[in-house]
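For reference, the structure discussed in these notes is given below.
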Amino acid sequence: MKDIIQQLIQQAIEGLISNKTLPPVTLPSIKVERTRDPSHGDLACNIALALAKSSGLAPRELATLICENLPANQLILSTEIAGPGFINFFLAKTAKTDVVLQILEQAACFGHNQQGHDEAGKPRNAQVEFVSANPTGPLHVGHGRGAAVGDSICRLLSASGWNVTREFYYNDAGQQINNLATSVQLRCQGVGPDDSQWPEDGYRGEYIVELAADYMAGKPINGALALAEANNSAAIRDYAVAYLRNEQDIDLKAFRVGFDVYSLESALYSEGKVDSTVAALIANGFTYEADGALWLKTTDFGDDKDRVMRKSDGSYTYFVPDVAYHLGKWQRGFKTVINEQGADHHSTITRVRAGLQALNVGIPKGWPDYVLHQMVTVMRDGVEVKISKRAGSYVTLSDLIEQVGCDATRYFLVARRADSQLTFDIDLALQKSNDNPVFYIQYAHARVCSVMRQAVEKWKPFDLTIGKEHLNLLTSDAELALLKTLAAYPDCVASSARDFAPHNVASYLRDLAANLHAWYASGSQQKEWQLLVADDTLRNARLTLAEASRQVIENGLELLGVSAPEKM
RNA sequence: GCGCUUGUAGCUCAGCUGGAUAGAGUACCUGGCUACGAACUAGGGGGUCGCAGGUUCGACUCCUGCCAAGCGCGCCA
């Protein structure tokens, strides 16, 4: 409908230009917006304000001219000029109820779009890397935020016509893994954090004890043998990594997050990708030797100082394999790559992009895209929770899922903008009331399902055909508000996908649920507004609207990875 | 000191690529069920959008400076 009005306005303005009423101005993009206030009509356009200056006319005068020259259209009841020069459009009934037919026809696909398609109409490839936790311990809340945000971005992109690859990158080759292996080995030998041999940067969590015990007990895990040899550091290292990767997989599965590709840092070394990347950087002249180390001139690409690539001990710094890894992504053909990670790693962005530019293989400057999430703090009983028993120094994702469930955890972690800090209130997530948006939204869904069950028991089965034919009977303020919100869903999906901003879906669903509850409650105030009225046509029209609303809630929750229960 | 991010109601946060009177929830006050699930809802009070300039017909939104908080500033990852 917005498109139609856009075109009509464009035709009107072009007409005014061709008959010389207006000078030949260049048209900005014509924005038609849904109004917030019903008294402003259904849709509004600010084009007269935008064009006032270049056309040399007063905004209201210009708006009048545009309205007078607007081609007639059955879907538009009337227009008015308001405020400084807005053109408000009042739509015909069918223009408002058509969305219900679209929803029922498209069902689970309603709201999807083709942003991700190329000129030929085929899905383009996008790759999203997220979580990418080091296999050195259980996933913590921050990883959970990354998982929830990253996975929802993937769902949004899929719904927007992209062919999405979800990828997890393991840093399984660096110093942190050495620390892990040492910690496990010491535990195997009966040494703990209280002993003098325990290293400063050893891992102290209880899970290291469990891991060491399983290794010594000879329990193989994911193909890694548990040799039970306390002095075999290579075997311990392999076992520890396999053990913790397996544990992370279990947590992610419980969180409804899956990946298509797992990439290992160690593979980049063993396949020679790191060496070849370094060789290319040297050959391109962006490196130099100093203080016994090899440096990359990242300052040539906007960094505030150059960075060491190869340490004086001969090993590489972490960002070198990162560059090799991202070169690989590019070579695999991904023009669109999004990395979702914690903001505490934001300094890597400049380095990785600098390294990619220095490779000079045609990678665009701002590639890849990054979505950074800020820190999460967990509150319970009004106090910050900082530790879990197993991990020792942080709250684990599995703790949260266990305490408040997957649905609430996912919703809360994705409901805020990624770049603002998040306080996860466990008490709130556990509440089953209006305070808790997850339950509020799920309750709206369950409520519609309940009404449908009641309809069958008290009257006749819901007849969609009758309902669709009598949507014009939907006339109350609550019904009109609901229709308007439903019509906004596709835009919500499109803009959320474009901005990699799943939190918009979360707040949309809250609004939609509120509209639904308000409509339902209007029937408690006045019986004639109930959904289940005696009149067959009216009842079925309302149930059709209810079913469409239910469908959109289900679709939206799906984008967040949250379930849509029929009973609660 | 430098960089990134944030600063909106007492609290937790939205605010759609600048648009009409800045919105929700919570908390506080006042109403609504012999129930289509009240796990809900109607209404009220509550704001110098961190501060100060600038751009614009119009700024919470864009630019500059300052203030405050978080994160980063390793030959750790």
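Throughout, a chain's letter reflects where its sequence line sits, starting with A, and its residues are numbered from 1. Remember, it's a predicted structure, so these values are computed and weren't measured experimentally.
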Show every donor-acceptor pair shorter than 3.5 Å between a side-chain atom in residues 290-299 of chain A and any protein atom, with sequence neighbours excluded, or say none if there are none.
{"residue": "Trp295(A)", "atom": "NE1", "partner": "Ala290(A)", "partner atom": "O", "Å": "3.0"}
{"residue": "Thr298(A)", "atom": "OG1", "partner": "Asp303(A)", "partner atom": "OD2", "Å": "3.1"}
{"residue": "Thr298(A)", "atom": "OG1", "partner": "Lys305(A)", "partner atom": "O", "Å": "2.9"}
{"residue": "Thr299(A)", "atom": "OG1", "partner": "Asp306(A)", "partner atom": "OD1", "Å": "2.6"}

Between [Y] and [X], do the side chains contain a donor N or O and an acceptor N or O under 3.5 Å apart?
X         : Y         : answer
Gln176(A) : Tyr203(A) : yes
Glu167(A) : Ser263(A) : yes
Arg417(A) : His373(A) : no

Below 3.5 Å, does any donor atom in the side chain of [X] face an acceptor in the base of [N], or the other way round?
X         : N      : answer
His345(A) : G72(B) : no
Asn88(A)  : A20(B) : yes
Ser347(A) : C73(B) : no

Using a 4.0 Å heavy-atom cut-off, does [X] contact any base of the nucleic acid, only the sugar-phosphate backbone, or nothing at all?
X         : answer
Ala518(A) : sugar-phosphate
Gln176(A) : base
Thr317(A) : sugar-phosphate
His517(A) : sugar-phosphate

Answer with yes or no after comparing the ring centroid distance for Tyr370(A) and His346(A) against a 6.0 Å cut-off, counting only values under it.
-> no
Tell me, please, whether Phe301(A) has Arg353(A) positioned over its six-membered ring: NZ or CZ under 6.0 Å from the ring centre and within 45 degrees of its axis?
->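 Judged by the rule (NZ or CZ under 6.0 Å from the ring centre, within 45° of its axis), Arg353(A) is not positioned above Phe301(A).
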Base-pairing mate for C71(B) - Watson-Crick or G-U, with both contacts under 3.5 Å = G3(B)
Taking a pair as Watson-Crick or G-U wobble with both distances under 3.5 Å, which nucleotide is matched to G37(B)?
->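 Pairing partner, where one exists within any strand: none, as none qualifies.
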At their closest point, which heavy atom of Val414(A) faces which heavy atom of Val149(A), and how far apart are they?
-> CG2-CA, 4.0 Å
To the nearest 0.5 Å, tell me how far Glu80(A) CD sits from Phe90(A) CZ.
->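 Taking CD in Glu80(A) and CZ in Phe90(A), the distance rounds to 4.0 Å.
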Distance (rounded to the nearest 0.5 Å) between Glu265(A) CD and Asp172(A) CG |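 It comes to 6.0 Å.
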Which residues, if any, of residues 287-305 of chain A bring a heavy atom under 4.0 Å of RNA chain B?
->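 Those residues whose heavy atoms fall under 4.0 Å from RNA chain B, taken from residues 287-305 of chain A in numerical order, are Asp291(A), Ala293(A), Lys305(A).
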Of the residues in residues 371-382 of chain A, which ones touch RNA chain B at a heavy-atom distance under 4.0 Å?
-> Gln374(A), Met375(A)
Heavy atoms under 4.0 Å is the rule here; annotate nucleotides 28-37 of chain B 5' to 3' with B where the base is hit, S where only the sugar-phosphate is, and - elsewhere.
-> ----B---BB
Salt bridge or not for [X] and [Y], using N-O below 4.0 Å?
X         : Y         : value
Arg550(A) : Glu554(A) : yes
Asp304(A) : Arg307(A) : yes
Asp536(A) : Arg539(A) : yes

When rounded to the nearest Å, what value does the distance between [atom1] atoms of [N] and [M] take?
N      : M      : atom1 : result
U64(B) : A69(B) : P     : 22 Å
G45(B) : U30(B) : P     : 15 Å
G50(B) : G7(B)  : P     : 7 Å
C33(B) : A42(B) : C1'   : 14 Å
C11(B) : C66(B) : P     : 27 Å
U48(B) : C29(B) : P     : 23 Å
A77(B) : A22(B) : C1'   : 43 Å
A20(B) : C13(B) : P     : 25 Å

Evaluate the side-chain proximity of Leu543(A) to Leu532(A): yes if any heavy-atom separation is below 4.5 Å, no if none is.
-> yes
Residue closer to the 5' end of RNA chain B, Gln175(A) versus Asp344(A) (nearest nucleotide) =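 The answer here is Asp344(A).
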Provide a list of protein-nucleic acid N or O atom pairs under 3.5 angstrom, restricted to nucleotides 10-18 of chain B.
{"residue": "U12(B)", "atom": "O2'", "partner": "Arg416(A)", "partner atom": "NH2", "Å": "3.0"}
{"residue": "C13(B)", "atom": "O2'", "partner": "Arg416(A)", "partner atom": "NH1", "Å": "3.0"}
{"residue": "A14(B)", "atom": "OP1", "partner": "Arg417(A)", "partner atom": "N", "Å": "2.9"}
{"residue": "G15(B)", "atom": "OP1", "partner": "His503(A)", "partner atom": "NE2", "Å": "3.0"}
{"residue": "G15(B)", "atom": "OP1", "partner": "Asn504(A)", "partner atom": "OD1", "Å": "3.2"}
{"residue": "U17(B)", "atom": "OP1", "partner": "Arg498(A)", "partner atom": "NH2", "Å": "2.9"}

Among Ile87(A), Thr79(A), Ile81(A), which one satisfies side chain to side chain contact (heavy atoms under 4.5 Å, CB included) with Ile66(A)?
->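 Output: one option passes, namely Ile87(A).
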Who passes salt bridge (charged side-chain N to carboxylate O under 4.0 Å, His left out) against Glu129(A), sequence neighbours left out?
->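 Listed in chain order: Lys329(A).
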